[in-house]
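To keep things clear, I will list the structure first and then write my remarks on it.
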Amino acid sequence: MNRALCSRAYLLCFSKSKSLPFEWMDRAIKLQLSTSEMNYFPDEVIEHIFDFIASHRDRNSISLVSKSWHKIERYSRHQVFIGNCYAISPERLIRRFPCLRSLTLKGKPHFADFNLVPHEWGGFLHPWIDALSKARVGLEELRLKRMVVSDESLELLSRSFVSFKSLVLVSCDGFTTNGLASIAANCRNLRELDLQENEIDDHRGQWLNCFPDSCTTLVSLNFACLEGEINLSALERLVARSPNLKSLKVNRAVPLDALTRLMSCAPQLVDLGVGCYENEPEAESFDSLMAAIKKCTLLRSLSGFSEVAPVCLTAFYPICENLTSLNLSYAAEIQGNHLIEFVQFCKRLQLLWILDSIGDKGLEVVASSCKELQELRVFPSDPHDEEDNNTAVTEVGLVAISAGCPKLHSILYFCKQMTNAALITVAKNCPNFIRFRLCILEPTKPDHITSQSLDEGFGAIVQFCKGLRRLSVSGLLTDKVFLYIGMYAEQLEMLSIAFAGDTDKGMLYVLNGCKKLRKLEIRDSPFGNAALLADVGKYETMRSLWMSSCEVTLGGCKRLARNAPWLNVEIINENENGRMERNEEDEREKVDKLYLYRTVVGTRKDAPPCVTIL
Amino acid sequence: MLSGSMPAGGELLIPVTNSGYWAFGLREYPPGTKPSLSVNLSLSLTFPSTSSQRATSQDWPPIKPRLRDTLKSLRLRQRGYNTALFIKVYMEGVPIGRKLDLSTFSGYESLLENLSGMFDTSVICGNRDRKHHVLTYQDKDGDWMMVGDIPWDMFLESVRRLKITRPERC
């Protein structure tokens with residue numbers, strides 16, 4: 001074995017251990033280390049080199065280089081990301097990556113977040129836990145998004161994996177606090193239990209009591225989405241015996257005094273989610289809270305605040321200059337002026353999620369105060385336009401932010417009105433956008449000054465923001481905007497369309513133009529069979545396509561399914577009582593919801609009656 | 001749309017201020033029977049440009065359920081509505097009114113059905129038919145408006161009283 005080559009490879013890795021592997025391979029090529037020379041390294045060396053490559057995409061690329069690299073990579077892969085749980089089966093996953101330690105699984109399509117997917121559609125966790133358990137995989141981490149999780153699965157999970165450390169559930173449902181009790185009781189090495197926005201049946205039980213006294217390893221505990229009461233003393237004891245606890249997000253059942261006590265015994269907290277304090281606290285309670293907060297000098301991230309009296313926000317003034325992340329998107333009771341007063345002091349803020357009650361004026365304050373801002377989300381406090389307020393945000397706020405925050409790369413913005421001029425200005429101010437999601441509350445609303453469509457505005461966004469990976473469009477839009485998107489959005493991976501476009505050409509521009517497109521979701525737009533069927537092979541390069549309330553027909557979907565056996569073409573009909581026997585013959589019938597995705601394991605067997613797989 | 005005496009099925013369109021219509025489907029019933037309004041369950045905002053476009057209050061705007069619920073319960077708390085919602089109902093020409101608990105109805109169709117029974121006549125939303133009583137309401141601003149234009153939950157929050165009028169007034 002060539003020691004010189006080997007030591008050079010090691011030097012490269014150690015000096016650049018955080019960089020992308022292609023940089024490394026680039027340098028390797030420059031130093032004339034070819035892969036065939038690398039093959040003279042023992043497998044352990046190559047495996048060690050691979051350890052520096054964490055991104056699953058890079059690892060996928062490495063596994064394609066050669067047979068031996070494929071094999072080495074297989075056995076050394078510890079983290080696996082599955083973007084669509086129906087694209088592969090648990091058995092095949094385990095066969096390929098037997099040394100799996102961390103698994104990320106996503107189930108329902110994104111529009112399930114907005115009630116567009118029936119509850120019983122699918123995305124069940126159980127088969128995965130079952131298979132992993134039987135194969136005795138050393139699972140340590142499980143991250144799930146939009147999956148159906150049962151108490152049985154959680155119980156099996158808690159008993160099957162001795163080294164299990166981390167459970168993160170986002171937008172999941174199907175389980176109760178009994179499932180949480182199993183996790184608490186049986187996972188001896190639990191470090192992280194993070195429940196984000198799940199629908200959990202709260203039995204108001206004693207799940208927190210189930211953490212044994214010997215459990216002292218908790219680093220992160222988030223139960224903000226639980227609706228019910230919890231055992232406060234159990235929580236306090238748990239926090240007191242968890243010296244490594246960095247992140248604590250409590251639910252609405254934790255009153256102010258309890259929060260004060262919790263913070264007092266966990267001054268090392270970095271991330272805090274606050275509960276619910278409707279009534280103004282008494283002076284003494286408030287002072288104690290403020291004193292406890294002052295001691296939390298490491299606190300960088302704050303969230304929660306649903307149903308909170310505005311004065312409670314002021315208790316956090318002592319540490320607001322340290323905050324890098326602030327999520328006040330549930331703080332519906334805190335008026336704009338209080339929000340502005342607080343945010344203006346958060347000079348180090350990188351992430352801000354807030355309600356539009358902050359107003360354009362508030363966003364101007366953010367623009368002048370928060371120069372480190374990278375991600376902004378502004379949610380609608382009045383989604384159905386019921387109030388007559390003029391304090392919601394408009395294009396003025398968006399332009400101010402784009403002008404004031406040079407590091408901004410991700411934005412989600414709900415507003416009542418927009419103009420092309422504003423969007424063009426924003427595009428020129430922020431060419432570094434990676435994610436741009438704009439939602440104008442009224443569908444098909446035009447530029448409110450010129451009454452024209454917003455094609456030019458969004459066109460500017462895709463033209464100037466060359467690194468754009470995610471885009472959501474809204475307002476009045478014709479096929480032209482899709483022409484622009486297809487032409488300019490070269491890095492676009494995910495596109496969301498609602499109430500837009502005129503003809504099939506719109507969708508075709510996108511499918512033909514966006515080479516890196518992975519996820520396309522469309523609702524209420526006039527795209528039909530011609531667009532759907534034009535390039536069937538395109539769907540093999542994508543994770544999934546969603547089309548609801550469009551013009552595609554049953555006949556079109558059937559033709560697609562026939563020509564693309566590697567796709568699962570699902571028709572979802574919520575109004576039908578059973579499968580579509582009645583309409584079997586009527587191929588001209590428009591399909592209510594279409595969801596198609598590439599898969600290597602064919603038709604799934606767990607589809608409910610409202611789903612027909614063609 | 002509506003012809004002659006009784007609506008014979010198909011859709012009754014109720015104009016909405018901006019650009020859409022609320023659509024009710026009506027079922028046919030044999031002649032000679034007492035006109036009782038039975039309305040289809042589908043309630044949708046239809047934009048004239050594309051027939052299939054629908055945005056219900058449950059799926060638009062695209063916000064997650066938890067935020068939607070938080071804002072909704074805040075709204076209800078601000079209006080102080082937790083239980084019953086009794087409002088006065090008058091029929092034009094009849095001096096004595098009735099009281100109705102709106103919280104017992106699931107939507108416009110059950111309200112219309114109940115009113116038709118209570119006042120022994122056919123009551124509808126919309127102003128296209130000269131033969132039927134039209135339901136109107138007084139909102140929180142004091143203005144008299146046509147019932148049926150806005151989503152049911154929004155209606156519950158702004159309705160102050162109901163009046164069943166003759167169509168010519170609308």
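Only this structure's heavy atoms are used, side chains among them; waters, hydrogens and symmetry mates stay out. Residue numbers start from 1 in every chain, and the chains themselves are labelled A, B, ... in the order their sequence lines are given, proteins ahead of strands.
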Can you tell me how far the [atom1] atom of [X] sits from the [atom2] atom of [Y], to the nearest 0.5 Å?
X: B:Arg66; Y: A:Glu227; atom1: CZ; atom2: CD; answer: 7.0 Å
X: B:Leu71; Y: A:Tyr330; atom1: CG; atom2: OH; answer: 9.5 Å
X: B:Gln58; Y: A:Leu116; atom1: CD; atom2: CG; answer: 10.5 Å
X: B:Leu67; Y: A:Ser306; atom1: CG; atom2: OG; answer: 10.5 Å

Close side-chain approach of [X] to [Y], heavy-atom, < 4.5 Å:
X: B:Pro65; Y: A:Glu197; value: no
X: A:Cys439; Y: B:Trp60; value: yes
X: B:Ile63; Y: A:Phe114; value: no
X: B:Pro62; Y: A:Asp113; value: no

Would you say [X] has more than 12 foreign heavy atoms packed within less than 6.0 Å of its [atom1]?
X: B:Lys64; atom1: NZ; result: yes
X: B:Gln138; atom1: CD; result: yes
X: A:His119; atom1: NE2; result: no

Relative to chain B, which segment of [X] carries a heavy atom at a distance below 4.5 Å: side chain, backbone, both, or neither?
X: A:Leu412; result: neither
X: A:Phe111; result: neither
X: A:Ser171; result: side chain

Quiz prompt | Test side chain to side chain donor-acceptor pair (under 3.5 Å) applied to A:His384 - qualifying residues, sequence neighbours left out | solution =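 Counting only residues at least two positions away or on another chain, A:His384 forms no side chain to side chain donor-acceptor pair (under 3.5 Å).
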